[in-house]
Amino acid sequence: MIITLKDGSQKDYEQSMSVYDIAKDISEGLARAACAGEVDGEVVDLRTIVDKDCALNILTFNDEAGKAAYRHTTSHVLAEAVKRLYPDAKLAIGPSIESGFYYDFDCESFSREALDKIEAEMKKIIKEGHEIKRFTLPREEAIQFMKERNEPYKVELIEDLPEGSEISFYDQGGFVDLCAGPHLMSTKGIKAFKLTSSSMAYWRGDSNKARLQRIYGTAYNKKDDLKAHLERMEDAKRRDHNRLGREMELFTTVDVVGQGLPLFTPKGTKMIMKLQRWIEDLEDNEWGYVRTRTPLMAKSDLYKISGHWDHYKDGMFVLGDEEKDKEVFALRPMTCPFQYYVYKNTQKSYRDLPYRMGETSTLFRAEDSGEMHGLTRVRQFTISEGHLVIRPDQAEEELKSCLDLAYYVLDTLGLADDVTFRLSKWDPNNKKKYLGDDNYWESTQNALREVLKEKNLPFTEAEGEAAFYGPKIDIQAKNVYGKEDTMITIQLDCAIAENFDMTYIDQNGDKVRPYIIHRTSLGCYERTLAWLIEKYAGKFPTWLCPEQVRILPISDKFKDYAEQVLSQLKAAGIRASVDSRSEKIGYKIRQSRLEKVPYMLVVGAKEQEEGSVSVRSRFLGDEGSKNLDEFIAAIKKEIDTKEIRKVEVEE
């Protein structure tokens, strides 16, 4: 058989061989580094026998699939260590994930001390260097095999597989786990790992099923890489918006109010207001939008017309019972059906299009309790929502314009380099979920694809992520822990105008259906604030800061001058305050830095006499004495241009 390697070279073997043996034949070093194989594009176990001509790639830790096999092996070592220390623990699942791995157990919760103890046991298992062997059993024998080991979750997983299936297991020195693989050849191949945290998790992600204990960890093939990762994780904890936002008194949550319903404090509210006013003025004054204001709820009749009742009802807060009540209402999960009736209020002609409607929309979605997190996943949120009613010939230009607006917003916020683009398509295997036929989806998806290509934006494609009425361009970003969320979306909808009998009069005097673009320019304000907190670690650009300047009188004698300075700053539209406490100036400066105020103005006898201020900033530290008018002019320019100055002074 002829084996074609990644570099194009070929190896000729007379007999079948395992992937591992081929790697060993190529080089001993490659075999030691090997984590898995890839045969004709399919990831396989190192133990897989190759018995025909194929293309073979030996995967190491540098390959994503190799990294996954390495970390999945570590999760099995974790499971064995837990079973050694807690024999009554029941095994659930233990996959590799982007940042490492986890394993779920049915047992008592794990403290940090328990995790340290488990880590020590894992090191023993790795040092023992057990060979990892794969074997299979027929489905019925596999079920009995796991029943004898009293592993009910494994039994359930096997029972879900089709009858007649061959079930694979991996044995590492007597510890056996149900697994499809792939895995390393030996536990000794694991060089560096760390258990990072533990939490509660539901079996199969269902809150109605058993509560399990999940242990998270990560693994690397080099200790230095593990150390660097852990340092990044410490920085992530420092930046985590859910912690930092509360510390900075931007928002809070209260159990009696409800999960996923954040309360914004004056500081957080000020930031949201600043963003909202900026976006509204930007859209209306520079991008040709008209502004609407529509209800927060509607009768079920509206959502039945739009299709949301059939396609999205489970994600809505429904008020009433269809079987008992004459009228049933629901809080709105999106604004589009409402804005359609704004459009229909008067008959439009082809000359009136595009008709761009913008609204700062508060929406409600019945997110699962297990999905709630800080400001990134909430049940009530506000977005910069917009719907563009367009002629078909305007689709390309308007889609590009929506992308340009989104990029301008991201660039102004300093976030443009942190995003990726995704073409979210329908799932052709689940057609009942969507409006339209194959041709509709092929044409609309291709229209978005071409726009992305023409804008030279690299993008990925994802099936099953489209809205039920049309495909989307999703602008994605990751939080500090690597979890990806959709920040901005642009959707092309050529179908739903029919449901609402939306028309315009064309050049021939005929009534025809328009297309609709659903889009956001900033996206969700709550999620964006979370993103900004983590991006800047709370040290926001000055124009966004809830407090831009703090005036620090050296002693009580200079409070009056401090108030004069405050009055002039406020007259110039600068958000400022006076720290009039009877504290030492050094303490006041440190406190201001901890609260991430961008500018501190120290005032004493010299400043009062000269009409100046002594400027300290987080950008340059001590910037020296400046005339007050000069300082106001400089900071006004920084705010008006939304400049993002580099932070150079550490707290």
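Just so it is clear, the values below take in all heavy atoms, side chains as well, and ignore hydrogens, waters and symmetry mates. Nothing fancy with the numbering, it's 1 onward along the sequence. In this text the structure is predicted, and so the values were computed from the model without any measurement.
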Check your understanding: Do N208 and Y202 have side-chain N/O donor and acceptor atoms under 3.5 Å apart?
Key -> no
Exercise for review: Can you tell me which residue pairs pass the salt bridge (Lys or Arg N to Asp or Glu O under 4.0 Å) test with a partner in residues 215-229, sequence neighbours excluded?
Suggested key: none
Review point. Looking at K267 and M248, what are the two nearest heavy atoms and their distance?
Key: CD-O, 3.6 Å
Point to revise | Those residues that, when tested against T528, pass side chain to side chain contact (heavy atoms under 4.5 Å, CB included) (two or more places apart) | key: L413, L522, L532
Practice item. Tell me yes or no: between the side chains of T73 and H183, is some donor less than 3.5 Å from an acceptor? Key: yes
Exercise for review: Name all residues meeting the side chain to side chain donor-acceptor pair (under 3.5 Å) criterion together with T362; count only those two or more places apart in sequence or in a different chain, and write none if there are none.
Suggested key: T382
Point to revise | Results of side chain to side chain donor-acceptor pair (under 3.5 Å) for E38 - residues two or more places apart only | key: N57
Point to revise | ring pair (Phe, Tyr, Trp, His ring centres under 6.0 Å) partners of H373, counting only residues at least two apart | key: H241
Review point. How close do A81 and I125 get, heavy atom to heavy atom, and via which atoms?
Key: N-CD1, 3.6 Å
Check your understanding: Sequence neighbours excluded, which residues qualify as side chain to side chain donor-acceptor pair (under 3.5 Å) partners of E108?
Key -> none
Exercise for review: Identify, with sequence neighbours excluded, every residue that meets ring pair (Phe, Tyr, Trp, His ring centres under 6.0 Å) alongside Y70.
Suggested key: F61
Review point. Of the non-hydrogen atoms in V44 and A36, which two are nearest, and what is the gap between them?
Key: O-CB, 3.6 Å
Review point. Taking atom types as modelled, is there a side-chain donor on D25 or Y13 under 3.5 Å from an acceptor on the other?
Key: yes
Review point. Does a side-chain N-to-carboxylate-O contact under 4.0 Å join K483 and E534?
Key: no
**Study point:** Ring geometry between F175 and H76 (parallel below 30°, tilted from 30 to 60°, perpendicular above 60°)
**Key:** perpendicular
Check your understanding: Got a donor-acceptor contact below 3.5 angstrom from the Y434 side chain to the D427 backbone?
Key -> yes
Review point. What residues, two or more places apart in sequence or in another chain, satisfy side chain to side chain donor-acceptor pair (under 3.5 Å) together with T253?
Key: R246
Check your understanding: Can you name the side chain to side chain contact (heavy atoms under 4.5 Å, CB included) partners of V82, sequence neighbours left out?
Key -> L78, Y86, A89, F105, F110, I118, I215
**Study point:** Worked check of salt bridge (Lys or Arg N to Asp or Glu O under 4.0 Å) between E156 and K90
**Key:** CA-CA 12 Å; E156 183 179 329; K90 304 295 180 244; over 6 Å; no
**Study point:** Parallel, tilted or perpendicular: rings of F169 and F145 (30°, 60°)
**Key:** perpendicular
Check your understanding: Does R71 make a cation-pi contact with Y220 (under 6.0 Å, within 45 degrees of the axis)?
Key -> yes
**Study point:** Partners passing ring pair (Phe, Tyr, Trp, His ring centres under 6.0 Å) against F101 (at least two apart in sequence or in another chain)
**Key:** none
Exercise for review: State which residues pass side chain to side chain contact (heavy atoms under 4.5 Å, CB included) with E141; sequence neighbours excluded, sorted by chain then number.
Suggested key: L137, P138
Practice item. For R232, look at atom CZ and say whether over 12 heavy atoms of other residues, nucleotides or ligands are found less than 6.0 Å away. Key: yes
Point to revise | Lys/Arg-Asp/Glu bridge criterion (N-O < 4.0 Å) met for E113, K117 | key: no
Practice item. For T60, enumerate each residue passing the side chain to side chain contact (heavy atoms under 4.5 Å, CB included) test, keeping only those at least two apart in sequence or located in another chain. Key: L30, A33, N62, D63
